[in-house]
A.B. asks: 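Take a look at this one; I'll ask things after.
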Amino acid sequence: MLWENTDHSASEATLRYTMEPKEFENRFLPYDVLTNLAHVTMLNRQGFLTDDELADLRVALTDIYDNVDTVEGEDVHTFVEERVTQRTEAGKKMHLARSRNDQIFVDTRLFMKDATIDLAHRVLGFVDALDTFAEERNVLIPGYTHQQQAMPSSTGLWASSFADALIDDLKSLRATFRIIDTNPLGAAASYGTSLDIDRDLTTELLGFADKQHNPIYCSNRGKQELQLLQTLDLVMLDVQKLAEDLINFSEDQQFFELPDEYCTGSSIMPQKRNPDILELARAKAEEVSAAKEAIRRIIGKLPSGYNRDSQRTKKHLIESVDTVRATVDILTPLIEDLELSEEFTVDDGIFAAYTANKKVEEGMAFRDAYHEVKASEEYEVHSEVAEPTRQSLGDQRVFWRDERERFDGVADRLLVE
């Protein structure tokens, strides 16, 4: 316990209550090592560490990065410092000019950057699956309003509508990423340090686009986490609607058939094929939304400066990232394998508006055509479907590819080969 130095230190029960689950600490271990590598490199440049001390620290930290995946002790920051200090006395200098507060701020920011890039690539894969489905399996189906067959639509138009929605989500994710991509390291315990540190250098070494300037704002932990979850909530909102459509449109006499490998059975009814994945996706969307709201409520009441309440945002952040990742990963191949039924029925009434429009093209006033078609219930039916359309991805693929390369380059630069 690095900070324990009096006879009045916290009890074991208090420490247990304030500690995070080890699985969360383990997730942050590689990011904490990279943060330490950047920090000690900066301390060396500023004259606080000798070249030999820096070399020893880099070897010790790289060994943890390459060979350790389980945190022992109080938290990831204490574990790394203690582990390094066991190998070299220079470990006692690692904590100079910083606090565990800004350590967790920057570790979290690196985790979010990595997760955002990863999720963006998975969403792009989801868009690709929807695009392929729209192009290769584009057939006439009824479009619904008020849950009634209303106008002609197509499976391609349906699928590309979700691709379009996810492209908007990627735009939101990109905007959020730009906010996340700022370095809080150097804020220390919320008010900076009197020591001569170089925050521009750690910003460069850790691959951030810029540094976060005000140290009090740096310590307002949770806001960037909330922004990321707000965007992930939008992704899951689209997932929720897609799951609901697939459930509704794969019921008896509908036009989708869910592949067997994405369905479960009943313990009592042998004939059942249950869309459990889709039902759980609907529920998991609510969990992400609840996590977003939990973070909002945790941080909304806090005064400026660091408050331990904000520690509880980590759970909601990690679990939501994992939930979105797992959901997109199961729905992407489901769309790739989705089959079309040949047994669904199209009500000719969906061509009513089309028939009225044809009469208008022949010279009739629209309202007269409307009433004539309504009275006659005779419709001009066709089976043509239009090519599905959606907005362009723009440079989303290039942007996220470049960000992945930039992020992965941080470890390449900092670690000892």
A.B. asks: Taking the side chain as every heavy atom from C-beta outward, state whether Lys292 and Leu226 have any pair of such atoms under 4.5 Å apart.
C.D. replies: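 Heavy-atom side-chain distance check passes, below 4.5 Å.
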A.B. asks: Can the positive tip of Lys22 be found less than 6.0 Å from the middle of the six-membered ring of Phe79, inside 45° of the ring normal?
C.D. replies: no
A.B. asks: For a 4.5 angstrom cut-off between non-hydrogen side-chain atoms, does Thr155 reach Leu338?
C.D. replies: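 No, their side chains stay 4.5 Å or more apart.
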A.B. asks: Is there a donor-acceptor contact under 3.5 Å from the side chain of Arg109 to the main chain of Thr182?
C.D. replies: yes
A.B. asks: Check whether any side-chain N or O of Asn26 sits under 3.5 Å from a backbone N or O of Val71 as a donor-acceptor pair, and report yes or no.
C.D. replies: yes
A.B. asks: Among all residues two or more places apart in sequence or in another chain, which pass the side chain to side chain donor-acceptor pair (under 3.5 Å) test with Asp347?
C.D. replies: none
A.B. asks: Starting at CG of Leu232, measure out to CG of Leu237 and round the result to the nearest 0.5 Å.
C.D. replies: 12.5 Å
A.B. asks: What pair of heavy atoms forms the shortest contact from Ala281 to Ala243, and how long is it?
C.D. replies: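 Where Ala281 meets Ala243 most closely, the heavy atoms are CB-CB, 4.4 Å.
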A.B. asks: Can we say Asp75 and Arg100 salt-bridge, meaning some charged N sits less than 4.0 Å from an Asp/Glu carboxylate O?
C.D. replies: yes
A.B. asks: Which heavy atom of Leu206 sits nearest a heavy atom of Leu34, and at what distance?
C.D. replies: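 So the minimum-distance heavy-atom pair works out to CD2-O, 3.6 Å.
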A.B. asks: I want to check something: taking the side chain as every heavy atom from C-beta on, are Ile318 and Val321 in contact at a cut-off of under 4.5 Å?
C.D. replies: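 Answer no - side chains too far apart.
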A.B. asks: Considering only residues two or more places apart or on different chains, which pairs with a residue in residues 384-397 satisfy salt bridge (charged side-chain N to carboxylate O under 4.0 Å, His left out)?
C.D. replies: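 Residue pairs with at least one partner in residues 384-397: Asp128-Arg397, Asp131-Arg390, Arg174-Asp395.
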A.B. asks: Judged by atom type as modelled, is there a donor-acceptor pair below 3.5 Å linking the side chain of Arg178 to the main-chain atoms of Ala209?
C.D. replies: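 No: the side chain of Arg178 does not pair with the backbone of Ala209.
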A.B. asks: Is there a donor-acceptor pair closer than 3.5 Å between any side-chain N or O of Asn183 and the backbone N or O of Lys211?
C.D. replies: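 Side chain of Asn183 to backbone of Lys211, a donor-acceptor pair under 3.5 Å: no, none is there.
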A.B. asks: Under 3.5 Å, side chain of Asn138 to main-chain N/O of Ala386, donor-acceptor pair present?
C.D. replies: yes
A.B. asks: Checking Glu403 now: which residues fulfil salt bridge (Lys or Arg N to Asp or Glu O under 4.0 Å) with it, not counting sequence neighbours?
C.D. replies: Arg406
A.B. asks: Can you name the side chain to side chain donor-acceptor pair (under 3.5 Å) partners of Asp329, sequence neighbours left out?
C.D. replies: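 Applying side chain to side chain donor-acceptor pair (under 3.5 Å) to Asp329 gives Arg122.
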A.B. asks: Could you note down all residue pairs passing ring pair (Phe, Tyr, Trp, His ring centres under 6.0 Å) where residues 175-230 supplies at least one of them, sequence neighbours left out?
C.D. replies: Phe177-Trp400
A.B. asks: To the nearest 0.5 Å, tell me how far Asn307 CG sits from Ser219 OG.
C.D. replies: 8.0 Å
A.B. asks: Give a yes or no answer on whether the side chain of His39 reaches the backbone of Leu96 with a donor-acceptor pair at less than 3.5 Å.
C.D. replies: yes
A.B. asks: Could you note down all residue pairs passing side-chain hydrogen bond (donor to acceptor under 3.5 Å, both in side chains) where residues 348-361 supplies at least one of them, sequence neighbours left out?
C.D. replies: Lys359-Glu372
A.B. asks: Do the side chains of Thr332 and Val328 get nearer than 4.5 Å, heavy atoms only?
C.D. replies: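 When only atoms from C-beta onward are counted, Thr332 and Val328 do touch, with a gap below 4.5 Å.
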A.B. asks: Would you name the heavy atoms of Val385 and Ser154 that are closest together and state the gap between them?
C.D. replies: CG1-CB, 3.9 Å
A.B. asks: Quick one: are Arg98 and His77 in side-chain contact, heavy atoms under 4.5 Å?
C.D. replies: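 Result no, sub-4.5 Å side-chain heavy-atom pair not found.
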A.B. asks: Any side-chain to backbone donor/acceptor pair from Arg413 onto Leu205? Under 3.5 Å, distance only.
C.D. replies: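 Side chain of Arg413 to backbone of Leu205, a donor-acceptor pair under 3.5 Å: yes, one is there.
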A.B. asks: Spell out, as yes or no, whether a donor-acceptor pair under 3.5 Å connects the side chain of Lys113 to the backbone of Gly207.
C.D. replies: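 A pair under 3.5 Å: yes.
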A.B. asks: Honestly, is Arg27 close enough over Phe24, meaning NZ or CZ under 6.0 Å from the six-membered ring centre and within 45° of the axis?
C.D. replies: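 No, Arg27 does not lie over the aromatic ring of Phe24.
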A.B. asks: Going by the rule side chain to side chain donor-acceptor pair (under 3.5 Å), which residues pair with Tyr306 if we only count those two or more places apart in sequence or in a different chain?
C.D. replies: none
A.B. asks: Output yes when a side-chain donor or acceptor of Asp309 lies under 3.5 Å from a complementary backbone atom of Ile298, and no otherwise.
C.D. replies: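 Judged by distance alone, no pair lies under 3.5 Å.
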A.B. asks: Is there a donor-acceptor contact under 3.5 Å from the side chain of Ser320 to the main chain of Leu317?
C.D. replies: no
A.B. asks: Determine, stepwise, if the pair Asp107 / Thr35 fulfils side-chain hydrogen bond (donor to acceptor under 3.5 Å, both in side chains).
C.D. replies: CA-CA 7 Å; Asp107 288 359; Thr35 297; 2.9 Å; yes
A.B. asks: By side chain to side chain donor-acceptor pair (under 3.5 Å), which residues pair with Arg297, not counting sequence neighbours?
C.D. replies: Glu293
A.B. asks: Could you pull out the closest heavy-atom pair between Asn44 and Leu49, with the gap in Å?
C.D. replies: ND2-O, 3.0 Å
A.B. asks: So do the side chains of Lys93 and Leu57 get within less than 4.5 Å of each other, counting heavy atoms only?
C.D. replies: no
A.B. asks: Lys374: what forms a salt bridge (Lys or Arg N to Asp or Glu O under 4.0 Å) with it, not counting sequence neighbours?
C.D. replies: none
A.B. asks: For Arg325, check salt bridge (Lys or Arg N to Asp or Glu O under 4.0 Å) against everything at least two apart and list the hits.
C.D. replies: Asp118, Asp322
A.B. asks: What pairs with Phe249 under ring-ring contact (aromatic ring centres under 6.0 Å, His included), at least two apart in sequence or on another chain?
C.D. replies: Tyr144, Phe255
A.B. asks: Find the distance between CG (Leu302) and CG (Asn220) and round it off to the nearest 0.5 Å.
C.D. replies: 8.5 Å
A.B. asks: When Phe256 is tested against each of Phe344, Tyr262, Trp158 for ring-ring contact (aromatic ring centres under 6.0 Å, His included), which residue passes?
C.D. replies: Trp158
A.B. asks: Taking atom OH as the centre, does Tyr370 end up with more than 12 heavy-atom neighbours from other residues, nucleotides or ligands that are less than 6.0 angstrom away?
C.D. replies: no
A.B. asks: Does any donor atom in the side chain of Asn248 or Glu244 lie under 3.5 Å from an acceptor atom in the other side chain?
C.D. replies: yes
A.B. asks: Are there over 12 heavy-atom neighbours, none belonging to Arg282, within less than 6.0 Å of that residue's CZ?
C.D. replies: yes
A.B. asks: Give me the atom names and distance for the closest heavy-atom approach of Ser392 to Ile167.
C.D. replies: O-CG2, 3.8 Å
A.B. asks: Quick one: salt bridge (Lys or Arg N to Asp or Glu O under 4.0 Å) partners of Asp63, sequence neighbours excluded?
C.D. replies: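 For Asp63, the residues satisfying salt bridge (Lys or Arg N to Asp or Glu O under 4.0 Å) (neighbours in sequence not counted) are Arg87.
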A.B. asks: Shortest non-hydrogen contact from Leu140 to Pro152?
C.D. replies: CD1-CB, 4.0 Å
A.B. asks: Find out whether Leu61 and Arg58 are in side-chain contact, i.e. whether some heavy atom of one side chain is under 4.5 Å from a heavy atom of the other.
C.D. replies: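 Answer no - side chains too far apart.
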A.B. asks: Please check if atom CD in Glu261 has more than 12 non-hydrogen atoms from other residues, nucleotides or ligands closer than 6.0 Å.
C.D. replies: yes
A.B. asks: With side chains defined as the heavy atoms from C-beta onward, is the minimum distance between Leu393 and Leu124 less than 4.5 Å?
C.D. replies: yes
